[in-house]
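Since we're looking at a predicted model, the values are computed, not measured.
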Amino acid sequence: ILVWKVEICEDYCAYIRPDMFDRCVTPYTGKICEDYKGKSWRSLHTDGDINVEWIPKLADTGIDELMGFSPNVDIAEYRKALPDCVLGGNVHPIAVMMYGTPDDVKAAVRSCFETAAGDGKFVLCSGGSMSENTKPENIDAFFEAAYEECKY
């Protein structure tokens, strides 16, 4: 049976100690990913501010996609540790989308594409969500920049 996508939402994995990550996240998320290998796209969603040193541990889980990860960590760190993984992010929903200017938004979108999208394994989104207080002009700038930068 082919299932299009299995999405595992584990926000807690960003907040636990490294030894707990190894005991709790890697084996269980890894088991789900192994069970669906070749049958489904395996996606992990975690909004937490994961420690940069832990990012390579995500590769051990077998995920195909990392969505909604912390915008407080440079997307280059994720790309370096997960070169074969589709990354979904990573414009900051508060600092940039809510409080920034349209120029700030466009700069953040450009940076994401330049850093993470060269291989086509990238989905532009804000890191987690957009607040209801996001300025409409920033939402417009987000989409304008996406159309300007998207090459695939």
Side-chain angles (χ1 to χ4, degrees), residues 1-98 100 105 108-134 138-143 145-147 149-152:
I1 297 173
L2 179 64
V3 176
W4 183 74
K5 182 177 180 178
V6 171
E7 184 160 355
I8 305 157
C9 299
E10 291 184 343
D11 287 351
Y12 72 87
C13 73
Y15 301 105
I16 60 178
R17 298 185 320 256
D19 62 310
M20 291 180 72
F21 191 101
D22 292 339
R23 284 194 335 255
C24 300
V25 178
T26 304
Y28 296 104
T29 299
K31 171 80 170 98
I32 293 169
C33 288
E34 184 61 35
D35 287 349
Y36 284 94
K37 187 175 185 175
K39 300 176 191 171
S40 175
W41 190 252
R42 300 156 305 168
S43 179
L44 175 64
H45 179 274
T46 180
D47 286 333
D49 285 340
I50 196 164
N51 184 317
V52 174
E53 296 161 6
W54 302 4
I55 296 170
K57 292 177 178 289
L58 294 172
D60 296 336
T61 63
I63 59 174
D64 297 307
E65 174 184 72
L66 179 63
M67 296 296 288
F69 51 92
S70 173
N72 293 324
V73 177
D74 188 336
I75 198 170
E77 296 291 339
Y78 291 98
R79 177 49 70 214
K80 181 173 62 175
L82 302 165
D84 299 322
C85 192
V86 171
L87 297 178
N90 202 32
V91 177
H92 201 293
I94 298 169
V96 176
M97 292 303 298
M98 199 159 94
V105 172
V109 169
R110 274 193 299 279
S111 177
C112 285
F113 273 98
E114 290 168 2
T115 304
D119 59 3
K121 295 178 180 174
F122 178 69
V123 177
L124 178 67
C125 61
S126 63
S129 65
M130 282 194 205
S131 166
E132 69 177 274
N133 295 322
T134 300
N138 284 355
I139 295 171
D140 290 343
F142 182 89
F143 287 107
Y147 284 115
E149 296 298 320
C150 190
K151 306 291 188 241
Y152 52 92

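Asp22 places none of its side-chain heavy atoms less than 4.5 Å from the side chain of Met20. A heavy-atom distance below 4.5 Å is not found between the side chains of Trp41 and Trp4. Using a 4.5 Å heavy-atom cutoff, the side chains of Cys125 and Val91 are not in contact. Val123 places a side-chain heavy atom less than 4.5 Å from the side chain of Met67. Counting only heavy atoms from C-beta outward, the side chains of Phe122 and Val86 never approach each other to under 4.5 Å. In this structure, Ser131 and Pro93 have side chains that are not in contact, with every pair of non-hydrogen atoms separated by 4.5 Å or more. Inter-residue side-chain proximity for Ile32 and Tyr36 is flagged as met; some heavy-atom pair is nearer than 4.5 Å. His45 is not listed as a side-chain neighbour of Ile8, based on a closest heavy-atom distance of 4.5 Å or more.
Side chain of Ser40 to backbone of Arg42: no donor-acceptor contact under 3.5 angstrom is found. Proximity of a side-chain donor or acceptor of Thr61 to a complementary backbone N or O of Leu58 within less than 3.5 Å is detected. Distance alone, capped at 3.5 Å, is enough to place a donor-acceptor pair between the Asn138 side chain and the Gly100 backbone. No donor-acceptor pair closer than 3.5 Å links the side chain of Thr134 to the backbone N or O of Met130. Side-chain atoms of Arg110 never come within 3.5 Å of backbone atoms of Phe113 as a donor-acceptor pair (strictly under, hydrogens ignored).
Note that the NZ atom of Lys80 and the OG1 atom of Thr115 stand 12.5 Å from one another [nearest 0.5 Å]. Put simply, CD1 on Ile75 and SG on Cys112 are 4.5 Å apart, with the number rounded to the nearest 0.5 Å. Atom CD1 of residue Ile63 and atom OG1 of residue Thr29 lie 8.5 Å apart, to the nearest 0.5 angstrom.
Applying the salt bridge (charged side-chain N to carboxylate O under 4.0 Å, His left out) rule to pairs touching residues 84-97 yields Asp84-Lys121, sequence neighbours excluded.
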Using the rule given for side chain to side chain contact (heavy atoms under 4.5 Å, CB included), can you reason through Asp64 versus Ser43, listing the C-alpha separation, both sets of side-chain angles and the distance that settles it, and then say yes or no?
CA-CA 6 Å; Asp64 297 307; Ser43 179; over 6 Å; no
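At a threshold of 4.0 Å, the pair Lys31-Glu34 does not count as salt-bridged, since none of the basic side-chain nitrogens sits closer than that to a carboxylate oxygen.
Considering all non-hydrogen atoms of both residues, Val109 and Ala146 come closest at CG1-N, 3.9 Å. Nearest heavy-atom pair, Leu87 versus Ala116, reported as atom, atom and distance to 0.1 Å: CD1-CB, 4.2 Å.
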